[in-house]
Protein chains: 2
Amino acid sequence: MTLERKRPDMVTIADVATHAGVALSTVSYVLSGKRAISADTRRRVLASIDALGYHPHAGARALASRRANVIALVLPLRAGMHVPVLMQFATSVVTSARQFEHDVLLMTADEGPSGLRRIAASALVDGIVAMDVEMRDARVPVLRTLERPSVLIGFPADAHGLTCIDLDFHLAGRACVEHLAGLGHRDVALLGAPEVVYLRDTGYAHRTREGFLEAAEDLKVNAVAEPCGEHAAGINATLEALLAARPELTGLVVHNEAAVGHVLAALARLGKRVPEDISVVAICPDEVAERSHPALTSVLVPADEVGRQAVDLLMRKLDGEAVPESTLLPPQLTVRESTAAA
Amino acid sequence: MTLERKRPDMVTIADVATHAGVALSTVSYVLSGKRAISADTRRRVLASIDALGYHPHAGARALASRRANVIALVLPLRAGMHVPVLMQFATSVVTSARQFEHDVLLMTADEGPSGLRRIAASALVDGIVAMDVEMRDARVPVLRTLERPSVLIGFPADAHGLTCIDLDFHLAGRACVEHLAGLGHRDVALLGAPEVVYLRDTGYAHRTREGFLEAAEDLKVNAVAEPCGEHAAGINATLEALLAARPELTGLVVHNEAAVGHVLAALARLGKRVPEDISVVAICPDEVAERSHPALTSVLVPADEVGRQAVDLLMRKLDGEAVPESTLLPPQLTVRESTAAA
DNA sequence: TCGGCCCTTCGAAGCGCTTCGACGTCCGGG
DNA sequence: CCCGGACGTCGAAGCGCTTCGAAGGGCCGA
């Protein structure tokens with residue numbers, strides 16, 4: 001009876017063993033490489049495996065080995081922020097994880113703490129990568145109590161005892177000012193994230209601003225930092241006010257992916273030519289910078305690299321290795337058409 | 001010895017059974033509801049479950065029940081297209097899947113056919129949702145041969161025997177023309193996807209164009225459809241040429257999320273006021289339309305709804321139910337500030 | 001020639017769960 | 001008063017895999 005109920009298409013390790021004329025455990029060892037197997041046997045087993053189209057049953061493997069070979073990728077609750085960058089993180093994490101023979105489970109944070117506990121306790125995943133972590137992120141305290149290792153992309157207020165990785169936004173802010181100052185600009189402004197983002201104490205927004213202001217002070221450049229909405233109307237108003245208040249302004253740093261296009265449009269509308277009248281540096285993905293007109297000098301958020309390294313760190317933790325608590329990637333500024341000497 | 005090696009934090013169903021003073025199988029039945037359990041026993045078992053913080057082991061469950069309670073979400077190989085919409089699909093799929101007690105495994109198509117075969121054969125997932133399917137999508141033939149059910153978001157050239165769902169782009173194209181014609185416009189143009197997208201035979205681009213042209217013919221409106229790049233420079237050129245060739249043009253349909261902003265900027269630069277001189281309808285997510293200046297009349301891609309229904313269809317297939325081969329969601333046009341009577 | 005060792009392979013015992021058949025118990029109808 | 005059925009619960013047999021201890025065979029040195 002049992003035979004009839006079986007899915008006929010499920011090839012098990014036992015089938016492979018029979019086909020190859022070896023013991024079931026031998027097949028397992030060929031697959032895992034945990035014991036020496038003679039070259040001849042290995043060859044026979046491998047031949048049988050692909051003759052039969054065998055794929056190990058993930059559940060059975062997880063049960064027996066106590067390793068699911070899956071990691072979780074946790075999106076922030078409030079998506080919609082940095083969407084394209086998030087997507088880059090995600091694909092980069094997936095690709096990197098596959099390199100380590102792991103798959104990726106996608107979670108949104110809207111299940112709350114219990115969601116994280118569930119996947120951790122159910123052994124669905126071996127470890128967790130949390131994306132777009134904020135200063136006082138609700139996920140952080142939960143992650144701390146979990147027995148499973150985790151890596152955060154972004155820095156919470158208290159990163160102690162965690163493993164965090166991100167672009168060094170502080171240096172990114174500096175880099176923009178240094179570039180502008182190097183071109184002779186003495187009066188610059190930062191258009192940052194929307195106000196709510198600062199109020200939420202989002203780490204990268206604050207750190208960029210600090211780096212920006214600090215560098216300006218060091219280099220004796222006049223500087224202001226303004227929050228910046230993402231809607232065309234608000235941006236127009238902000239920019240108009242800014243230019244009215246500081247007619248000397250010749251350098252602009254935009255740290256707001258969604259606003260970049262509108263800022264350029266607004267400048268055009270206000271009769272400011274880029275880069276002749278005003279130089280613009282953006283902190284955004286390369287595609288956005290390249291697609292703009294004129295192409296923008298920019299510091300890119302190296303999402304691929306961040307994702308790759310996040311997985312790397314997690315794998316090392318899974319192997320019981322000690323890893324640095326914080327990893328900051330140096331910013332890299334690409335000069336394009338939107339900046340020129342003052 | 002075995003006792004020492006055990007992870008001390010793994011609570012099993014046996015622990016729960018002991019704690020509640022019932023048989024292991026009784027706990028299982030309480031959890032699954034597959035057999036009647038007295039109210040009293042059920043209460044005791046549930047109490048023990050959360051006293052101990054029990055979570056069923058996903059692997060064990062998958063092994064015994066032959067159901068992983070996980071579905072795969074497969075991104076197209078070439079991401080970066082419709083990024084924000086993709087993200088909406090993804091979060092919507094995750095949320096909906098959780099409603100059915102399922103988790104979501106994120107795959108990119110760059111592992112190729114063998115990747116799909118692997119997750120299917122390894123019983124890692126019960127079913128598959130493929131996002132952003134194109135006319136001649138490499139994933140489609142593979143999905144056809146898999147024993148696991150799948151649902152496609154988007155339509156391949158031959159959808160026979162598959163389950164597909166998408167916005168009805170044909171009707172969307174029509175709706176835009178009908179709206180403009182209703183306002184008295186007699187000369188309209190469609191700015192569509194980049195040329196390469198048409199060459200790749202991407203379904204939605206073609207279908208939108210067909211619907212657009214067909215409706216124009218029905219309504220006796222002059223119409224042209226042009227592919228459209230995503231870079232500011234190209235868009236400027238395209239638009240300039242278009243306006244030069246057709247000075248009568250008063251209606252524009254933009255089906256290209258990335259280009260929307262540039263189109264508006266270009267119109268401004270060319271001295272065309274929206275909507276006074278020219279009316280603009282976009283096919284894009286609401287946020288993009290709302291964030292533009294002026295806010296755009298648009299047909300939205302109902303990503304949430306598509307994701308939700310895709311999961312729904314998949315769940316029904318998993319339950320052995322028959323489902324329609326194709327589901328087309330009616331477009332919905334929202335009037336905002338960018339269209340006015342001719 | 002023989003014991004001992006290494007190299008390779010085997011068998012069996014779980015991993016934690018679902019599910020099937022069986023076993024009381026308690027009820028109502030004949 | 002007894003029998004047939006529900007109803008509620010239990011025990012045991014796997015699901016497909018990993019892993020541990022041990023067995024078999026060839027080779028070496030004594």
Taking atom [atom2] of [N] as reference, at what distance in whole Å does atom [atom1] of [X] sit?
X: B:R67; N: D:dG16; atom1: CZ; atom2: P; result: 16 Å
X: A:I49; N: D:dC17; atom1: CD1; atom2: C1'; result: 13 Å
X: A:L31; N: D:dC17; atom1: CG; atom2: P; result: 9 Å
X: B:L52; N: C:dG16; atom1: CG; atom2: C1'; result: 15 Å

Please work out if B:S28 contacts a base, only the sugar-phosphate, or nothing of the nucleic acid, heavy-atom cut-off 4.0 Å.
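Base, at least one base heavy atom under 4.0 Å.
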Look at all strands and tell whether B:L24 reaches a base, only sugar-phosphate, or nothing, counting heavy atoms closer than 4.0 Å.
base
Determine whether the side chains of A:T41 and A:S38 contain a donor N or O and an acceptor N or O closer than 3.5 Å.
yes
With a 4.5 Å cut-off on side-chain heavy atoms, are A:V30 and A:L46 touching?
yes
If you assign A:R61 and B:T41 each to the DNA chain D nucleotide with the nearest heavy atom, which residue ends up on the more 5' nucleotide?
B:T41
Nearest-nucleotide wise, let me know which of B:I37 and B:L63 is further upstream toward the 5' end of DNA chain D.
B:I37
Counting only heavy atoms not in A:E101 (residues, nucleotides, ligands), do more than 12 fall under 6.0 Å from its CD?
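Atom CD in A:E101 is not packed in, count stays at 12 or less.
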Does [X] place a side-chain N or O at less than 4.0 Å from the phosphate oxygens OP1/OP2 of [N]?
X: B:R66; N: C:dT18; result: no
X: A:K34; N: D:dT19; result: yes
X: A:T26; N: C:dT9; result: no
X: B:S65; N: D:dC15; result: no

Can we say [X] and [Y] salt-bridge, meaning some charged N sits less than 4.0 Å from an Asp/Glu carboxylate O?
X: A:R144; Y: A:D158; result: yes
X: B:D126; Y: B:R66; result: no
X: A:D319; Y: A:R316; result: no

Taking N and O atoms by type only, does the side chain of A:S25 place a donor or acceptor under 3.5 Å from a partner on the base of C:dG11?
yes
For nucleotides 21-26 of chain C, which of its nitrogen or oxygen atoms have a protein nitrogen or oxygen under 3.5 Å away, and what is each distance?
{"unit_1": "C:dG21", "atom_1": "N7", "unit_2": "B:R35", "atom_2": "NH2", "d": "3.2"}
{"unit_1": "C:dG21", "atom_1": "O6", "unit_2": "B:R35", "atom_2": "NH1", "d": "2.2"}
{"unit_1": "C:dG21", "atom_1": "O6", "unit_2": "B:R35", "atom_2": "NH2", "d": "3.3"}
{"unit_1": "C:dA22", "atom_1": "N6", "unit_2": "B:R35", "atom_2": "NH1", "d": "3.4"}

Heavy-atom nearest nucleotide on DNA chain C taken for A:R44 and for B:H57; more 5' hit belongs to A:R44
Going through the checks in order, is the salt bridge (Lys or Arg N to Asp or Glu O under 4.0 Å) test met by B:D40 and B:R44?
CA-CA 6 Å; B:D40 179 61; B:R44 271 197 352 266; 3.3 Å; yes
A:I13, nearest nucleotide to its side chain (from C:dC10, D:dC17, D:dG14)
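Of all the options, the side chain of A:I13 is nearest to D:dC17.
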